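In each ligand, atom 1 is the first atom listed, and ligand 1 is the first ligand listed. Because the structure is a prediction, the values reported are computed rather than measured.
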Amino acid sequence: MEQRMLRPYAKPEHHTVLIVGGGPAGLALAVVLGGWHPFYRESALFESRHPQLAAYLRRHPGSLLALDFPALVRTGVSPVDLFRLLHHPSQRFQGLDQIGLDFRPAEPLDYLLLSREPAGGLWNNVPANLLTLSPGHWMELAFYPLAQYAAETDRPFDMNALICKRDLIDYYHRIPERFGQTTRMRTDEEVIRIEPDAKGFLVTSRQMQTGEERRYTSRSLLYAVGQRCILRRLNVPGEDLPFVTNQYDRPEDFPGERVAVIGGGRSSDWAATELYDAGKQVSYVMRQNEEHHWRLISDSRDGLPYYARMADIIESRDRRFETLYGSHVRQIDGGTTGGRVLVSHNGHARTLDVDHVVIEIGGIVDYSPFQGFPPLQLVEKYDNYRFQCHQMRVHPHNYESIDIPNLYPGGYLAEGMGLVVIAMHGTTYAIAGDILRKEGCLR
Ligand SMILES: Cc1cc2nc3c(=O)[nH]c(=O)nc-3n(C[C@H](O)[C@H](O)[C@H](O)COP(=O)(O)OP(=O)(O)OC[C@H]3O[C@@H](n4cnc5c(N)ncnc54)[C@H](O)[C@@H]3O)c2cc1C
């Protein structure tokens, strides 16, 4: 069947660069390669905080993509940090003039972006009301400050407040059109294989609606698939029953009273809290022990209102919210509208009667599409917020894989990057500069 969907003799479509993944990492590189280049703009805040960098950049009137990144690294400045400081000289937003970057139109490079979802990546699928961990302006891409978006769309945001998923995804969705890149982005397309080719990379994708396979070649490739390519499974009987889901969106999707939430990280904390506040009877099943969970709650309750709320709920000891620490789900059974979750709770068997089960146990980066290359060296990264992923070993000046030339991991798939947008966005510019230099497009 799959064979029939592939047009066997169709010549692969060639592009100079292929970008896999349309989240904040892939989207950012797309716009820069698509012809929006950064230049240094004097900012009083940046200059007061980083006078030596400001003096260095003042001597560089051209595109910052042409900076000598290896030389910068030798002086102890990593490109990701340089662009983060230019973009966010202060963690607090005070005004657009604090940003030490100006983006000007330039000749576009031929690229194509392929992604399963529309622009914005995993933000398309997180719960409808989810608030970020970070202030809104930490989630923005440097060429399109949230404040500029707010002004253009007449939406009054507090840039220093957490931003809700609904607003954030609208912001990301606007970017392709706002920057003239829509024709270079194909969504609903999943990359299933990446192989070596005389031209560089041979990429096979599958159209998600029709199953049609398509082939592409490129000289360079950005792999920006994020940390949730494959959602983890419990691997217990009954996990695929109709009342069990790993896609929590909002409480209205859960008619009935009793919900078991299985997890223990940010996403399950959000779901458990929101379902409780919507009046549900919540059984929160976690593998971790109480102390481990409370470390996260205590670290977060002062800065994040939804953690303050979770702390209040647990401390209230309301019988409508039960925490089952040290628990393992053994089996789920039942019919179409509900059933039972069999749990081993601190070594004792428990049965929970439920209308719904929400499983939120995170996801993993999928490196399996790479076939026929030397093995990728991966390092594990964890952060204080319980995010984790495997990152690719890279060269520090251009974020190119040390194992596969012309392959660039997008955003925090590169070794050492923090697992949030503000910490990884700056890699975009060294990657774009490296590609443009290789293509002879930078003087
Ligand atoms: C619940 C939650 C809350 C978070 N809160 C914050 C926060 O407050 N602040 C913050 O900075 N970060 C937060 N993050 C981290 C988040 O990962 C980043 O904000 C950001 O989305 C990462 O961008 P990305 O482009 O690397 O990956 P993603 O946003 O994951 O985008 C990758 C895209 O690639 C697609 N893709 C994957 N595999 C393939 C394939 N084989 N073929 C084609 N397309 C593919 C994916 O479907 C997705 O659309 C949060 C993450 C989660 C899960």
Can you list every pair where an N/O of ligand 1 is under 3.5 Å from an N/O on the protein?
{"from": "ligand 1", "atom 1": "8 (O)", "to": "Leu133", "atom 2": "N", "distance (Å)": "2.5"}
{"from": "ligand 1", "atom 1": "8 (O)", "to": "Ser134", "atom 2": "OG", "distance (Å)": "3.4"}
{"from": "ligand 1", "atom 1": "9 (N)", "to": "Ser134", "atom 2": "OG", "distance (Å)": "2.8"}
{"from": "ligand 1", "atom 1": "11 (O)", "to": "Val421", "atom 2": "N", "distance (Å)": "2.7"}
{"from": "ligand 1", "atom 1": "17 (O)", "to": "Gln227", "atom 2": "OE1", "distance (Å)": "3.0"}
{"from": "ligand 1", "atom 1": "17 (O)", "to": "Tyr412", "atom 2": "OH", "distance (Å)": "2.4"}
{"from": "ligand 1", "atom 1": "19 (O)", "to": "Trp123", "atom 2": "NE1", "distance (Å)": "3.0"}
{"from": "ligand 1", "atom 1": "21 (O)", "to": "Trp123", "atom 2": "NE1", "distance (Å)": "3.1"}
{"from": "ligand 1", "atom 1": "25 (O)", "to": "Pro24", "atom 2": "N", "distance (Å)": "3.2"}
{"from": "ligand 1", "atom 1": "25 (O)", "to": "Ala25", "atom 2": "N", "distance (Å)": "2.9"}
{"from": "ligand 1", "atom 1": "29 (O)", "to": "Leu122", "atom 2": "N", "distance (Å)": "3.0"}
{"from": "ligand 1", "atom 1": "41 (N)", "to": "Val191", "atom 2": "O", "distance (Å)": "3.0"}
{"from": "ligand 1", "atom 1": "42 (N)", "to": "Val191", "atom 2": "N", "distance (Å)": "2.8"}
{"from": "ligand 1", "atom 1": "44 (N)", "to": "Arg116", "atom 2": "N", "distance (Å)": "3.2"}
{"from": "ligand 1", "atom 1": "47 (O)", "to": "Arg116", "atom 2": "NE", "distance (Å)": "3.0"}
{"from": "ligand 1", "atom 1": "47 (O)", "to": "Arg116", "atom 2": "NH2", "distance (Å)": "3.3"}
{"from": "ligand 1", "atom 1": "47 (O)", "to": "Glu117", "atom 2": "OE1", "distance (Å)": "2.4"}
{"from": "ligand 1", "atom 1": "49 (O)", "to": "Glu117", "atom 2": "OE1", "distance (Å)": "2.4"}

*asked:* Per the side chain to side chain donor-acceptor pair (under 3.5 Å) rule, what does the pair list look like for residues 18-39, sequence neighbours excluded?
replied: none
*With no hydrogens and no angle check, is any side-chain donor or acceptor of Arg41 less than 3.5 Å from a backbone partner on Ile99?*
yes
*Would one find more than 12 heavy atoms of other residues, nucleotides or ligands at under 6.0 Å from atom CZ of Arg287?*
no
*Are Arg393 and Glu400 ion-paired here, with the side-chain N under 4.0 Å from a carboxylate O?*
no
*Got a second to check how far Glu322's CD is from Ile314's CD1, nearest 0.5 Å?*
12.0 Å
_Phe143/Phe179 aromatic ring centres below 6.0 Å_ = yes
